Amino acid sequence: MTGATAYQLAQVNIGRLKAPLDSAQLKDFVDNLDPVNADADAADGFVWRLEGGSGDATDIAVFGDEWLIINMSVWRDADALTAYMYQGRHREMLARRREFFERVQEAMVALWWVPAGHRPTVAEAESRLLHLRTNGPTPYAFTLRTPFPAQGAEPTTGLEIPDDLGCPA
């Protein structure tokens with residue numbers, strides 16, 4: 001493998017729930033998790049997604065905050081990811097996100113390139129989100145609006161990450 005094919009695109013997005021997952025307010029969201037995940041699994045360019053014991057990632061802790069849920073996946077490239085994101089059930093649920101999730105100021109989505117075959121960890125995703133919050137988009141962590149080409153990237157050095165850049169409890 002050479003060039004872009006040696007890398008795949010990892011994405012993480014986290015959300016702060018407005019209510020418990022078993023609440024009536026989040027029933028439509030929870031009821032759509034399996035179908036939306038099945039759509040992702042079948043999408044062109046899909047490689048992998050983070051799963052807990054329930055088949056989704058709702059039981060996996062992120063930033064030590066029980067009100068945050070994580071979605072993390074790996075895709076062939078940004079085109080494959082965006083093609084999935086903006087169609088079908090995922091698009092419908094994305095349009096309704098304010099019903100289920102709090103509006104937050106800090107970055108809740110980060111993208112980065114991983115070597116083909118690598119499966120990112122939650123700790124890696126947290127590091128990428130914190131880096132994006134501290135430094136803005138860089139090759140180490142970026143957004144769809146400010147992408148970087150596939151390449152290896154190290155975090156920007158010499159910058160301290162403030163303690164208050166995690167997700168507030």
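Side chains included, hydrogens not; waters and symmetry mates left out as well; all remaining heavy atoms used. These numbers were taken from a predicted model, which means no experiment stands behind them.
- Partner of W75 under the ring-ring contact (aromatic ring centres under 6.0 Å, His included) criterion, chosen from W113, W48, F46: F46.
- Ring-plane geometry between F101 and F29 is classed as perpendicular, the angle between the planes exceeding 60 degrees on a 0 to 90 degree scale with a lower cut at 30.
- More than 12 heavy atoms of other residues, nucleotides or ligands sit less than 6.0 Å from atom CZ of R98.
- Here the two rings, on F148 and W112, have centers that are 6.0 Å apart or farther.
- Counting heavy atoms of neighbouring residues, nucleotides and ligands inside a 6.0 Å radius, atom CZ of R91 does not exceed 12 of them.
- At least one side-chain heavy atom of I70 sits under 4.5 Å from a side-chain heavy atom of L50.
- A cation-pi geometry, defined here as NZ or CZ lying under 6.0 Å from the six-membered ring centre and within 45° of its normal, holds between R128 and Y140.
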Just do the side chain to side chain contact (heavy atoms under 4.5 Å, CB included) check on V114 and Y7 with the steps written out, would you? CA-CA 5 Å; V114 296; Y7 292 94; 5.9 Å; no

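- The pair D44-R76 meets the salt-bridge criterion, since a charged nitrogen lies less than 4.0 angstrom from a carboxylate oxygen.
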Test side chain to side chain contact (heavy atoms under 4.5 Å, CB included) on L17 and L26 and set out the steps. CA-CA 9 Å; L17 297 169; L26 267 61; 3.4 Å; yes

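- The main-chain N or O of A123 is never found under 3.5 Å from a side-chain atom of S127 such that the two would form a donor-acceptor pair.
- No side-chain heavy atom of M85 sits under 4.5 Å from any side-chain heavy atom of Q11.
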Yes or no on side chain to side chain donor-acceptor pair (under 3.5 Å) for H118 and E124, after CA distance, side-chain angles and deciding distance? CA-CA 11 Å; H118 176 73; E124 184 178 342; 2.9 Å; yes

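- Looking at L68 and R16, their side chains come closer than 4.5 Å, going by heavy atoms from C-beta outward.
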From CA spacing to verdict: side chain to side chain contact (heavy atoms under 4.5 Å, CB included), L9, V74: CA-CA 5 Å; L9 186 67; V74 175; over 6 Å; no

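- In this structure, R96 contributes its side chain and M93 its backbone to no donor-acceptor pair below 3.5 Å.
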